[in-house]
Structures are given as structure tokens and as C-alpha cells.
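Scroll down for the structure; my scribbles are underneath it.
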There are 2 protein chains.
Amino acid sequence: MMKRHYPTLAEVAKVAGVSLMTASRAINNRPGVSPEKREDILRIADEMGYVANRAAQKLTGARTRIIGVVAELHTPFTSDLLLGMGAVARAADYEMLVYSLPVCDRRPPHSIIEMLRQIADGVIVILPYESDYLESMATAHIPVVTIEQGIESAFPSVTADNYQGGCSALRHLIELGHRRIAFISGNDRLTSARDRRRAYRDVLAQARLPYDPALEVDGDFLRKSGFEAAQKLLALDDRPTAIFAANDTSAYGAIAAIREAGLSVPGDISVVGFDDIPIASQLHPQLTTIRQPLQQMARASVNLLLALIAGLDAPSEQIVLPTQLIVRESTTPLKAKRKKEEAVKMGVASVGTANLAR
Amino acid sequence: MMKRHYPTLAEVAKVAGVSLMTASRAINNRPGVSPEKREDILRIADEMGYVANRAAQKLTGARTRIIGVVAELHTPFTSDLLLGMGAVARAADYEMLVYSLPVCDRRPPHSIIEMLRQIADGVIVILPYESDYLESMATAHIPVVTIEQGIESAFPSVTADNYQGGCSALRHLIELGHRRIAFISGNDRLTSARDRRRAYRDVLAQARLPYDPALEVDGDFLRKSGFEAAQKLLALDDRPTAIFAANDTSAYGAIAAIREAGLSVPGDISVVGFDDIPIASQLHPQLTTIRQPLQQMARASVNLLLALIAGLDAPSEQIVLPTQLIVRESTTPLKAKRKKEEAVKMGVASVGTANLAR
DNA sequence: CAGCCGAACGTTAGCGCTAACGTTCTGTCG
DNA sequence: CGACAGAACGTTAGCGCTAACGTTCGGCTG
């Protein structure tokens with residue numbers, strides 16, 4: 001068994017018969033080396049299995065070609081986002097390391113940012129629901145890009161267009177003929193949740209549909225809250241014919257409650273979610289939802305970070321990417337419903353629509 | 001804006017009025033410092049917000065108190081495993097960084113292991129289905145622990161007891177009265193898949209039930225394969241009353257096929273999965289399955305790695321942890337089924353079970 | 001041909017830290 | 001009281017690498 005397995009640059013240089021610095025220049029593709037020697041050195045380094053020591057590189061202030069990511073692994077679509085980011089990073093000859101944020105984090109976040117700073121050239125933060133990382137990052141001398149889950153930040157960030165997505169969801173339901181549409185909100189501390197709520201109200205108004213506070217139930221993005229919210233909605237005298245849930249997880253919670261009440265989705269109630277989590281296309285019913293552009297978000301965030309690392313001191317840029325309505329099984333035109341109920345609903349809708357008529 | 005944000009050890013030492021080495025000793029809790037001075041130094045370091053530079057520590061050959069994990073993020077229960085490992089590591093004052101293995105990895109794995117070696121004190125590898133990481137790790141001078149998804153390895157490893165789990169699954173079905181039980185296999189290149197298949201055959205034999213090759217359909221752990229396998233099974237003249245799928249994902253694939261054929265689970269066919277992926281308790285029907293002891297696996301693997309790092313050169317240990325049968329909605333006693341069908345099945349079973357008795 | 005320039009190298013210092021070895025000082029014992 | 005042990009420090013070297021600055025030398029200009 002050898003003493004040290006991977007050769008150092010000095011060893012490569014020695015074998016190649018050049019100085020340390022020449023080898024460094026050759027390997028880092030810097031000028032100042034003749035083409036033949038460069039080729040020689042690269043070949044020898046390859047033969048010897050040379051791998052640059054990133055710890056040493058970082059120590060000198062050079063690039064390590066590693067990006068760090070801080071993320072909560074347990075949120076639904078984080079893994080897809082990470083896979084996308086990893087692919088983009090690798091394409092740019094960068095490696096990616098992920099720090100898994102614990103669910104309840106009570107340790108000083110600055111030490112984590114600092115740890116990543118010692119290793120990586122830049123950091124992407126997928127913001128958790130609650131976070132005091134922002135202030136730590138502000139003082140860290142390292143490029144940071146945030147993936148918004150909805151907290152405003154002073155950093156360059158990438159986010160999905162939650163407002164537009166919410167509008168699409170609601171317009172879809174309205175186009176299907178629904179008039180009495182409920183909303184199950186997310187955690188309003190997040191701008192993403194607020195944007196989706198705003199979209200709900202705005203589109204209702206635009207469509208001249210009445211706004212009924214009883215149809216707007218507070219949730220927190222979790223399955224259980226969707227379940228309970230739907231129960232409240234079902235208990236209404238005049239229950240909705242469609243529900244827009246602020247995310248897929250709570251949408252499925254709502255669906256469970258609807259079914260438990262002996263009703264069907266979309267037969268009795270149409271449901272639209274938000275996110276397009278992977279299982280949304282596999283569960284029964286397949287969920288109509290708003291797809292977050294994860295691949296584009298991954299690409300945009302990595303590219304933005306690499307630009308910052310490269311020194312292009314971009315003014316703190318906010319990239320907003322379009323979402324997409326994915327129509328699946330959980331929504332259906334109102335007309336497909338039972339005649340009697342339809343009649344009732346239409347009557348009710350007309351009540352709200354115009355306070356003059358009837 | 002300050003030039004450098006986090007102070008170096010030298011700066012802390014200067015403020016404390018001691019030498020660099022004394023500060024180092026104090027902070028690393030080494031002997032050779034008087035109690036008062038130690039306290040002084042620690043207080044000052046804390047006030048100054050000192051964070052040790054792990055890159056520099058690693059360069060000198062010291063511990064960084066970081067463990068690396070190589071994992072495929074897109075497999076179902078990886079995130080739970082990672083969360084568990086992170087918690088255990090943090091409890092031991094270690095941080096954890098995850099390298100997300102791309103789905104199709106064509107870059108030399110040794111450079112990734114080497115990268116982690118430069119940063120971390122040890123590595124846990126959650127083996128992907130196919131992997132040539134093993135040979136690279138063998139030559140890396142760094143403690144490695146593998147979480148088996150079923151490839152034999154020469155490393156200390158932690159794995160769930162797949163054979164025992166498979167036995168429990170099958171015994172459960174037999175206890176429910178099922179006699180005609182099908183198996184949808186996993187990728188047999190993995191020992192986990194082979195162990196589960198072996199359990200299927202062994203328990204059948206133990207129960208003196210006939211082995212019918214037509215009931216053993218090849219799959220690959222994916223949803224689609226479960227779907228197609230179930231279709232084959234349903235096409236049989238004498239279709240099974242229960243299915244044991246090698247994992248939850250393919251079990252849900254099978255359920256989808258069963259439903260598409262107009263049959264119900266568990267009304268017509270009972271289904272058992274393996275893994276207990278998080279959604280198994282949320283999907284409809286909630287899946288009866290074999291739970292992998294993820295928390296225990298996380299704990300065991302991290303503790304094993306820390307022991308190796310601490311220099312306890314444990315002989316390459318294989319830890320096998322017990323699985324647990326979780327009974328939910330997807331299985332039901334055979335008696336609950338339609339009388340007519342039951343009679344038919346029992347007749348068939350008796351033919352196979354004993355060519356003598358009855 | 002002196003002078004100079006720039007490409008192609010080599011040398012030096014230092015990133016932040018720790019191991020290994022000095023140095024100082026106090027106490028202790030024959 | 002000298003020798004010596006050992007605790008409490010300080011100093012030096014070096015981990016692997018790169019920035020910054022030397023050095024060499026061929027070639028070009030006037």
C-alpha cells in the first residue's frame with residue numbers, strides 16, 4: 001500500500017522535468033508554457049492520476065470550482081432542483097456539494113456559510129420557510145444566489161412566477177365553468193404564498209366573480225392543513241365546485257378530505273395544485289397543477305452564480321421564470337357535473353356576480 | 001466593508017496576547033494551556049466570531065469534522081436517510097456534505113472520491129444501482145462506509161435485512177389466507193433484489209405452497225415495470241390473489257394496473273411493497289409494506305464511520321438491521337373476497353399444496 | 001552590435017493551520 | 001543546591017497550491 005495515493009503537483013512537475021509553477025500553469029490552462037511542454041505535462045498528470053487539491057487551492061485564494069448549495073432536503077421538489085443544478089454545474093466543469101439544512105436548525109448559521117466559503121466559490125441557498133440565513137450571508141464574502149421560496153431578499157435570486165401561475169390556475173377553473181372557487185392558502189410569511197393568494201383575488205375580481213371570505217381558508221402548505229381546510233369548505237352550506245390549493249401537497253390533503261366525505265375529484269369538486277411535484281402525475285387522480293420550471297430555475301441559478309463568481313458584479317438581479325399550467329385529471333368542466341347541482345351553482349354564481357340581478 | 005470577515009487564528013492569538021500555537025491548543029481542546037488562558041482565548045475567539053478554516057486544517061492532515069456522503073438524490077428514501085445521517089453527524093459535532101451523484105455518471109469516480117477526501121474525514125456511499133465507485137474507494141486513503149442497496153462490497157457496510165423483510169411480507173400474505181401469491185422482482189444485479197426473491201421462494205416452500213414460475217415476474221424496481229408485470233399477472237387464467245412487489249414504487253405501478261383492469265386493491269388483489277417510502281402512508285390505498293429502518297441505518301452508518309475516523313480499524317463490518325412489517329390498507333384476508341372466487345382459489349391451492357393430502 | 005522586449009520558464013513568499021521540536025520557568029528530590 | 005522533570009508556553013517547518021516577481025534567452029530594431 002502506497003504512502004500517499006494521489007500525486008501532488010510537485011511530483012507531477014518532477015516527473016515532467018519542469019518547475020512546479022510551469023506544471024501549475026499548464027494544468028490551469030494559463031499562458032506562459034510552450035504548447036509541447038503543456039501537452040507533455042497534461043499527459044503525465046493524467047497518467048499519474050493527478051487531482052488538484054482543492055483545499056490547497058482555496059487556501060491561496062484561488063477557485064476550487066466547487067459550488068455549495070444549502071437546501072432542505074425534505075421539501076418535495078428540492079431533489080429535482082438539486083439534480084438540475086448539479087447537471088448544469090458539471091457542464092461548466094464545476095462540482096456541487098449540498099449542505100442539508102436540518103428541519104429545526106438552532107446552530108449559528110454563519111458557521112455553515114463560513115464552512116462553505118472555505119470550500120466553495122459560491123453558494124446557492126434554497127430558502128427554507130423560515131430562515132435567518134440571509135443576514136449571515138450578507139456579511140459573508142462569497143457570491144450568493146437564492147432560490148426564492150418566497151422571502152424577499154437583497155440577493156440575486158431566481159424564482160418562479162407565483163402570481164402568474166396562480167392566475168393560470170384560477171383562469172383554468174373559470175374557463176371550465178366554475179364560479180364558486182375556493183382557495184387554500186400557504187404560509188403567508190412567504191411571498192410565494194402571498195402571490196398565489198393575490199392571484200386568486202385578482203382573477204376573481206377580473207372575472208367579476210364575488211369574493212367570499214368563507215372560500216378563502218388559511219393553510220400552511222402541508223398536507224394536513226389541506227385536509228382540514230377542505231373539511232371546512234365541505235361543511236359550508238354552499239360548498240365550492242372547485243378548489244385552488246396553494247401547493248400540491250395541500251391539494252392532495254384536500255382531495256383526501258373530499259373523498260372521505262364521499263365525494264369525488266373531479267366529479268364533485270375540481271382541484272388545482274401548485275408546484276407539480278413528481279408524484280402529481282402518478283397519484284390517483286393525477287393532479288392538474290402549475291408546474292414550477294425547476295430545470296430552468298436550476299439552470300438560471302447556477303449560471304447566475306457562475307457569473308458572480310467570474311466577477312461580473314451583476315446588480316442584485318431577480319430572475320422570475322414563467323410557470324406552466326398542467327392539466328390532468330383533477331379538474332373537469334362544471335357541465336359534467338350532476339344537472340341538479342349545476343343548476344344550483346349557476347344560480348348562486350349569478351347571485352354573487354351581480355348584486356343587482358335576482 | 002471589511003477586507004476579511006472572519007478572523008484567522010493568528011488574529012485571535014494576537015488579541016488574546018498569546019502565540020498562535022497556544023490559541024490552537026486552546027481551541028482544539030489540547031493539553032498544554034493553563035485553564036485561565038484557555039478560557040480567555042475561547043471567549044475572545046467567540047467574541048471575534050472565529051471559525052476554523054477547514055481547508056487549512058485538512059492541508060495539515062488534521063480532522064475537518066466533515067463527513068462526505070455520495071448519494072443519488074432521486075431515489076425515493078435517500079432524503080430521509082440523509083436527514084437522519086445529518087442529525088447524527090451534527091450530534092457528534094460533525095458537519096455533513098452531500099455529493100449528488102448524477103443519474104448517468106460518466107466522469108471518473110476517483111476524482112469525486114478524491115475531492116471528498118480533500119475536504120472530509122470520511123465518506124458514506126449510498127450505493128446506486130450500478131456503480132464502479134467501489135474500486136476507486138478501495139484505493140482512496142479515507143474511511144468509507146457503504147449503505148447497501150445490495151451490491152456486495154469489501155467495505156464496512158450497513159444494510160437492511162432484505163431477506164427477513166421479504167419473509168415477513170410473504171408470511172403476512174399467507175397468514176391472510178392467500179395461497180396464490182405473485183412476486184414482482186427488482187433488479188437482480190442487486191443483492192437486495194436477490195434476497196427478496198430468495199425470501200419469496202423460501203417462504204413458499206416452507207409453507208408447502210406450489211412454486212409457479214408464471215407468478216414470478218421480472219421487474220427493475222421502477223413503477224413502469226410494476227405496472228407491466230401486474231398486467232402480465234392479470235392476464236393469467238388463474239390470476240394471483242396477492243402480489244409481493246420488490247419495492248413500493250413498483251407496488252404502486254402494479255396497483256395502477258390492477259385498477260385499470262377494473263379490479264380493486266385489496267378487494268380483489270392484496271399488494272405488499274418494500275421500503276415504506278414516505279408517500280406509502282399517504283397514497284390511496286395506504287400501502288402494506290416492509291419498512292426499511294432508515295433512522296437506524298443512518299445512525300449505524302455515521303457511527304461506524306466516526307469509529308473508523310477515530311482510528312478504530314474495525315474489520316470490515318457488515319451491519320444488518322431488522323426490517324418491520326407495516327400493515328396498512330393494501331392487504332386484506334382472502335376470506336373477505338367474493339365467495340365464489342375464494343372457492344376457486346382454495347381448490348387450486350390445494351392442488352398445488354399437497355399432492356397427497358386433502 | 002548594443003539595446004531592448006517579451007515569451008518561457010524558475011524562485012520566493014505566503015494562504016491558515018498543526019506537528020514537532022525548542023524554550024522558559026517552577027517545583028522537587030537526592 | 002544542582003540536576004532534572006514536566007507543565008506552559010513559543011518557534012519553525014511544511015501541508016499543496018498560486019500570485020508576484022525574478023531570470024534566461026532568442027529575436028528584433030536602429
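Every value quoted in this text rests on a predicted model; they were computed, and no experiment measured them. We use all heavy atoms of the structure for the numbers below, so side chains are in, but hydrogens, waters and symmetry mates are not.
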Practice task
Quickly work out the B:Arg30 CZ to D:dA8 P distance and round it to whole Å.
Solution key: 16 Å

Fill in the blank from the handout: Atom CD of B:Glu114 and atom C1' of D:dG16 are separated, to the nearest Å, by 12 Å

Exercise for the section: Would you mind telling me which of C:dG16, C:dT18, D:dG10 lies closest to the side-chain atoms of A:Leu59? Expected result: C:dG16

Practice task
Answer yes when A:Arg43 and A:Glu39 have at least one side-chain N-carboxylate O distance shorter than 4.0 Å, and no when they do not.
Solution key: no

Practice task
Please tell me which of B:Ala23 and A:Ala10 maps to the more 5' nucleotide of DNA chain D, matching each residue to the nucleotide holding its nearest heavy atom.
Solution key: B:Ala23

Handout entry: A:Asp40 with A:Lys37: basic N within carboxylate O range, under 4.0 Å
Key = no

Exercise for the section: Determine the minimum heavy-atom distance between A:Ala52 and A:Gln57, stating which atoms define it. Expected result: CB-NE2, 3.8 Å

Practice task
Starting at atom CD of B:Gln118, determine the distance to atom P of C:dG16, rounded to an integer number of angstrom.
Solution key: 19 Å

Fill in the blank from the handout: Comparing A:Asn53 with B:Leu20, nearest DNA chain D nucleotide closer to 5' gives the residue B:Leu20

Practice task
Check if the side chain of B:Arg25 and the base of D:dG10 share a donor-acceptor pair of N or O atoms closer than 3.5 Å.
Solution key: yes

Handout entry: Charged N-O contact under 4.0 Å between B:Arg65 and B:Asp121
Key = no

Handout entry: Presence of A:Gln57 side-chain N/O under 4.0 Å of D:dC17 phosphate oxygens OP1/OP2
Key = no

Handout entry: Listed nucleotide nearest any side-chain atom of A:Lys37, set D:dT18, C:dC9, D:dG14
Key = C:dC9

Exercise for the section: Scan A:Lys58 against the nucleic acid and name what it touches under 4.0 Å (heavy atoms): base, sugar-phosphate only, or nothing. Expected result: nothing

Practice task
Look at A:Glu114 together with A:Arg117 and state whether they make a salt bridge at an N to O cut-off of under 4.0 Å.
Solution key: yes

Exercise for the section: Please check the phosphate of C:dT18 (OP1 and OP2 only) for any side-chain N or O of B:Ser24 closer than 4.0 Å. Expected result: yes

Practice task
Indicate whether OP1 or OP2 belonging to D:dC15 is found under 4.0 Å from a side-chain N or O atom of A:Tyr6.
Solution key: no

Handout entry: Nucleotide nearest B:Ser34 (side chain, heavy atoms from C-beta), chosen from C:dT18, C:dC17, D:dC9
Key = D:dC9

Exercise for the section: Measure from CD on A:Glu11 to C1' on D:dC15 and round the result to the nearest Å. Expected result: 12 Å

Problem - Protein-nucleotide distance (B:Met21, atom CE; C:dT18, atom C1'), rounded to Å - result: 5 Å

Exercise for the section: Give one of base, sugar-phosphate or nothing for A:Ser19, where a contact means two heavy atoms less than 4.0 Å apart. Expected result: base

